[in-house]
Amino acid sequence: MHNDLIELGFIRYHQTLSTSSSLFPKLQPHPVNGYGHAIGKAWVKYLKLEVKLKSHL
């Protein structure tokens with residue numbers, strides 16, 4: 001795990017979850033493409049807004 005995630009408290013966050021809980025409970029699977037679809041859309045948004053990537057994604 002990347003040190004930045006540890007410093008941001010990811011392990012502490014994980015420890016607060018019950019064993020039956022999802023790691024990201026608000027993340028809903030796409031009916032066809034599963035969880036990767038939502039993660040991909042969020043990543044593209046981040047690249048466009050934060051990184052200012054101009055190429056077509």
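Keep in mind that this is a model prediction, so the values were computed, not measured.
With sequence neighbours excluded, the residues forming a side chain to side chain contact (heavy atoms under 4.5 Å, CB included) with Ser18 are Ser20, Ser21, listed by chain and number. Legend: residues meeting ring pair (Phe, Tyr, Trp, His ring centres under 6.0 Å) with His14, ordered by chain and number and at least two apart, are absent. The side chain to side chain contact (heavy atoms under 4.5 Å, CB included) check on Asp4 picks up His2, with sequence neighbours excluded. Under the side chain to side chain contact (heavy atoms under 4.5 Å, CB included) criterion, Leu49 pairs with Lys45, not counting sequence neighbours. Annotation: ring pair (Phe, Tyr, Trp, His ring centres under 6.0 Å) contacts of Tyr46 (sequence neighbours excluded): Trp43.
Using a 4.5 Å cut-off between side-chain heavy atoms of Ile, Leu, Val, Met, Phe, Trp and Tyr, Leu17 falls into a hydrophobic cluster with Met1, Leu5, Ile6, Phe10, Ile11, Tyr13, Leu23, Phe24, Leu27, Tyr35, Ile39.
Shown here for Glu7 and Arg12, the closest heavy-atom pair between the two residues is O-NH2, 4.2 Å.
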